[in-house]
Amino acid sequence: MTDERAQFPLLSSSVGKAPLVYLDNAATTQKPLCVLEALERYYRRVNANIHRGAHYLSRLATEQHEAARQTVAEFLHAASPREILFTSGTTAGINLVAQVLTSSFKPGDEILTTTDAHHSNIVPWQMLCERTGAVLRPIPLTPELRLDTAAYEQMLNPRTRLVAIPCVSNALGAAHPVQQMTAAAKRNRRDTLVLLDGAQSTAHQAVDVQALGCDFYVFSGHKIYAPTGTGALWGREELLEQLPPWQGGGEMIAEVSFAGTTYNKLPFKYEAGTPNIGGNIVLAEALRYVQRVGLERIAAREQALTRRLYDGLAALDGVQILGAREGRGALVSIVVPGVHHYDLGTLLDHMGIAVRTGHHCCQPLMASLGITGTTRYSLALYNNEDDVERALSATRRALDMLR
Ligand code: PLP
């Protein structure tokens, strides 16, 4: 897959004199030529507002936009494109779900999320609890930093209305057993809803929302080689049919009068206003790119590199890795007692290595571990052995300087 690097122009840039090694892919990925070109092509040749346009460009943009929805549906193995709602990303998808569930919740209902959840999978539920009197409970971690599935099964009870789980933790890298956890939620109560946060998994492993058995699945386009401001929420059709719309405006209506308004059919009921037309079309281009490279190939390659990264970091003096070697996504997070993560990240940057430092939007996790942050190395399909070796030797040098 070394040939794929040539598809990503930014990867051949330098930071000062040091060639760039980009290992901040969990935050956002670089974009391949086909994506860059598709975005330009859209604005050069297609750009028009979609739906109800009498003219050629509007028809063309509408066709491409709805074909993009079909591509997302196929990528996620959704039953129908009516189940695909375009969003600006994972955060927007979770907030949409939290908003439309408001009238379904009552005081005392319980929502479970995970201790290692991203803030975007915590705060919207806290806000839902504030609106409804529901209660948010965190699923604890084991000492090995896996989700404590035994504790989770004990927490499930007749008041559990929603379980929201990241497929892969963005701070720890742990891949969670989401299929089993979804099944357990459904055994508890058939109508316990399950939302899976695919922000850190969609670019790294194949997803089949029907096989997962969940009710909602969210992901961000920019973490899968598409532009920022793109993403999708998948929801089971019968649920989306029953739930109320969220934002009001153009497109989401069937008929508007001052006497009252009726709503559009799926998926448009949830897409008020002009969507990110070009972005959504290009999201489909990015998904096709990933399919061409092949998710199985990507996963095999990234897993091998992740293990090398893990072993190399584990061999460095004083480095503590968060979580076990196996059962992880394409990232490794470290803590070095006596060394501030920000200082390490800054020195690595001077050597051309882009990593992310800090709490990774997981402050409750950091508090539970008694740390303020970590240094996170995260991979994408274009990373290679050389990137990993350069990151390891730079980390060794940086730590020598800092101690
Ligand atoms: N969930 C997880 C697990 C993430 O890693 C992230 C971003 O890093 C998000 C949610 C939020 O994604 P976005 O900022 O693209 O909405």
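Numbering of residues begins at 1 and proceeds along the displayed sequence. Worth knowing before you read on, the calculation uses all heavy atoms, side chains too, and leaves out hydrogens, waters and symmetry mates. Read the numbers this way: they start at 1 and go in the same order the structure lists the ligands and their atoms.
Aromatic ring pairs are classed by plane angle as parallel below 30°, tilted from 30° to 60° and perpendicular above 60°; the pair Phe268 and His51 is perpendicular.
Nearest non-hydrogen protein atom to atom 8 (O) of ligand 1 is Lys223 NZ, 2.6 Å. The closest protein non-hydrogen atom to atom 10 (C) of ligand 1 is Ser120 OG, 3.1 Å. In this structure, the protein non-hydrogen atom closest to atom 4 (C) of ligand 1 is His118 CD2, 3.4 Å. Ranking protein heavy atoms by distance to atom 5 (O) of ligand 1, first place goes to Gln200 NE2, 2.7 Å.
A cation-pi arrangement is not found for Arg328 relative to Tyr310, the charged atom failing to lie both closer than 6.0 Å to the ring centre and inside a 45° cone about the ring normal.
Contact analysis puts Asp197 in contact with ligand 1, with a non-hydrogen atom separation below 4.0 angstrom. A heavy-atom separation below 4.0 Å is not found between His360 and ligand 1.
Residue Thr91 approaches ligand 1 through these ligand atoms, each under 4.0 Å from one of its heavy atoms: 11 (C), 12 (O), 13 (P), 14 (O), 16 (O). Taking every non-hydrogen atom of Ser220 and a distance limit under 4.0 Å, the qualifying atoms of ligand 1 come out as 12 (O), 13 (P), 15 (O), 16 (O).
Within a 6.0 Å sphere centred on CZ of Arg190, other residues, nucleotides and ligands contribute 12 heavy atoms or fewer. Around the CZ atom of Arg292, the shell of radius 6.0 Å holds more than 12 heavy atoms that belong to other residues, nucleotides or ligands.
Atom SG of Cys362 and atom CD1 of Ile122 lie 7.0 Å apart (nearest 0.5 Å).
Between Thr71 and Leu287, the closest heavy-atom pair is CG2-CB, 4.4 Å.
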